[in-house]
Amino acid sequence: MGLFQPDTDIFRNRDALREDYQPEEIVGRDDELQQYISALQPVINGDQPPNVFLYGKAGVGKTACTRYLLSELKADAAEYDIDLTTIRTNCEDLSTSYQVAIQLINKLRDPDDQLKPTGYPRRQVNEWLWEELDSIGGTIIIVFDEVDHIEDDSILYQIPRARANGNLTESKVGIIGISNDFKFRESLSSKVQSSLCEKELQFPAYNANELRDILRQRADIAFYDGVVPKEVIAKCAAFGAKDAGDARQSLDLLMEAGDIAVEQGAEEVTETHVDEARASLERSRIVDGVAGLTQQGHLVLYALVMLHEEGETPTRARTIQDRYEIVCERAAIDPLVPRRMRDHLNELAMLGIASRVERNKGEVGGRYYEYSLDTSPDLLLEALDETVDMVGVTEAIQKRLNQSY
DNA sequence: TGTCCACCGGAAATAACGGTTC
DNA sequence: GAACCGTTATTTCCGGTGGACA
């Protein structure tokens, strides 16, 4: 027998479960699509393209609907002789308008003429952006996915006004902003609110029935007939519905369950596979979270894990600070000031690795938080050991701490 | 009712870094 | 190589908070 063998045949087309898969038909978003279509109508009329804002929690079909409608719109525009260009950009790893502008320019330029992420004056970057956009001509729609990651909104009012300000003469540009964060709208300056939010669409969460329909649709494409029983679909749907009507979560879960079934050589996906898939996804969420922390974050986490192991949690930031400083000393790294250490603790809480509870002892104790570990310490230690900046460090700390106790 | 504890968390300042331009 | 540019992590400063206690 060779080293490689084909997997058992349960997947017909695994890609149909991936996030970027474009289904032929959008399920459960009829009203939203209708509103969306009328918002985009000016494009077909050859008018100034609209600025549209989409709100809704993660995995409720904002991106999928946009992708679907824009491809339809492009086909229809071609039919009516309208010169339409669409540009999609994800702002996930971007935090400023400057970086967004650079990413846009790089998308429009030759691969051998790319800009570096920093170093140029702001003005220059804007100039380049106008040049690139103007050289396209016609109608342009720019989609900013996850706009809420951008901390300053200057690009969001500069683009819609570029034509009025004489920066663009050949092109008409409209923006579609997609946001997971409802509060993002209020954080926008009034300048942006008036121009960008002319059309707003709310995407509500999917209910369990809609989720089931979506899963069924995708599963029928992804798997061979009879491989995924009803109960499995229902279980995955319930998982997504419980959290926030999140279709992406459900689809990820189903895909993972399918992978596990393949690994085990099973002929169909069972509820047990779904349970295992859930544990596995949870695990990788934590591992990824830990991997994304800075070195100082790792040290803070390490201190918290130690306190947990000793049964000292829940505990306040001050005691964690003390332990953290010991850890830093053993690791020969300068400790951070308490204010900053608290920021790292809060980050752990945000990631769901730690949790915190407010306490208030009034005049004798004041107000403070108590932190505790929310995750298996074994998994965390394992993840810490794998991170580059902690290789060898955890062991060294452990050894030297054991000696001094 | 008012006081007060002790941390919380926003904001401004600073340092270090990777980059460009002349 | 000096001046300039933007970003990020960090430090420093300081007003805010809310329940227990008198």
Side-chain angles (χ1 to χ4, degrees), chain A residues 89-106 109-132 146-156 158 181 183-184 186-189 289-304 307 312-325 327-329 331-351 354-372 387-390 393:
Chain A
T89 183
N90 195 317
C91 308
E92 194 181 0
D93 304 318
L94 274 31
S95 61
T96 62
S97 288
Y98 181 89
Q99 294 169 344
V100 174
I102 292 208
Q103 179 168 295
L104 277 176
I105 293 168
N106 283 342
R109 281 197 178 176
D110 285 349
D112 52 351
D113 194 18
Q114 300 277 297
L115 296 179
K116 288 285 192 295
T118 183
Y120 321 97
R122 257 175 251 271
R123 271 212 171 130
Q124 178 69 72
V125 171
N126 283 344
E127 295 269 317
W128 283 329
L129 180 60
W130 306 138
E131 269 172 36
E132 293 299 331
E146 314 207 32
V147 260
D148 41 320
H149 285 80
I150 308 175
E151 276 156 23
D152 75 292
D153 50 20
S154 66
I155 197 164
L156 296 180
Q158 281 179 348
D181 183 0
K183 279 176 276 172
F184 182 63
E186 279 120 64
S187 71
L188 292 170
S189 62
V290 172
L293 298 172
T294 62
Q295 185 185 40
Q296 291 290 350
H298 291 141
L299 292 167
V300 172
L301 175 58
Y302 192 77
L304 183 61
L307 288 166
E312 301 289 324
T313 55
T315 186
R316 57 203 303 174
R318 191 175 20 178
T319 52
I320 300 174
Q321 176 79 27
D322 292 344
R323 178 57 59 90
Y324 157 77
E325 282 175 8
V327 168
C328 283
E329 193 196 320
I333 289 166
D334 288 338
L336 296 176
V337 103
R339 173 68 185 87
R340 184 73 188 123
M341 207 272 320
R342 284 210 307 272
D343 282 344
H344 283 293
L345 275 180
N346 288 344
E347 204 178 333
L348 293 179
M350 290 261 286
L351 287 169
S355 58
R356 60 180 204 184
V357 178
E358 193 182 308
R359 298 263 178 241
N360 196 330
K361 294 220 166 111
E363 216 164 5
V364 288
R367 206 162 66 99
Y368 58 90
Y369 286 121
E370 277 186 347
Y371 296 84
S372 48
T387 57
V388 184
D389 59 34
M390 295 289 278
V393 175

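Below, chains carry the letters A, B, ... as their sequence lines are ordered, and counting in each starts from 1.
Residues that satisfy the side-chain contact (heavy atoms from CB on, under 4.5 Å) test with A:Glu151, not counting sequence neighbours, are A:Ser95. Judged as a side-chain hydrogen bond (donor to acceptor under 3.5 Å, both in side chains), and not counting sequence neighbours, A:Asp322 has no contacts. Partners of A:Asn360 according to the side-chain hydrogen bond (donor to acceptor under 3.5 Å, both in side chains) rule, which considers only residues two or more places apart in sequence or in another chain, do not exist here. Evaluation of the side-chain contact (heavy atoms from CB on, under 4.5 Å) rule for A:Ser355 yields A:Ser372, A:Asp374 as partners, not counting sequence neighbours. Residues passing the side-chain contact (heavy atoms from CB on, under 4.5 Å) test with A:Asp153 are A:Leu156, A:Tyr157, A:Leu188, A:Ser189, A:Val192, sequence neighbours excluded. Looking at residues two or more places apart in sequence or on another chain, you find a side-chain contact (heavy atoms from CB on, under 4.5 Å) between A:Glu127 and A:Gln124. By the ring pair (Phe, Tyr, Trp, His ring centres under 6.0 Å) test, A:Tyr120 pairs with A:Trp128, sequence neighbours left out.
Within the structure, the side chain to side chain donor-acceptor pair (under 3.5 Å) test picks out the following pairs touching residues 331-349 of chain A (sequence neighbours left out): A:Arg339-A:Asp343, A:Arg340-A:Asp343, A:Asn346-A:Arg356, A:Asn346-A:Tyr371.
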Quiz item: Could you write nucleotides 2-9 of chain B as a row of B, S and -, 5' to 3', where a protein heavy atom under 4.0 Å of any base atom gives B, of only sugar-phosphate atoms gives S, and otherwise -?
Solution: -BBBBBBB
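For A:Glu325 and A:Gln321, the side-chain atoms include at least one donor-acceptor pair closer than 3.5 Å.
Without hydrogens or angle criteria, A:Asn106 side chain to A:Leu115 main chain gives a donor-acceptor distance under 3.5 Å. At least one donor-acceptor pair under 3.5 Å links the side chain of A:Asp152 to the backbone N or O of A:Ser97.
First and last contacting nucleotides of DNA chain C toward chain A (any atom under 4.0 angstrom from a heavy atom, 5' to 3' order): C:dC5 to C:dC21.
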Grab the N/O contacts between the protein and nucleotides 16-18 of chain B below 3.5 Å, and write none if there aren't any.
residue: B:dG18; atom: N2; partner: A:Thr118; partner atom: OG1; Å: 3.4

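Of the residues in residues 123-132 of chain A, not one places a heavy atom less than 4.0 Å from an atom of DNA chain B.
In this structure, CG on A:Asp181 lies 11.0 Å from CD on A:Glu146, to the nearest 0.5 angstrom.
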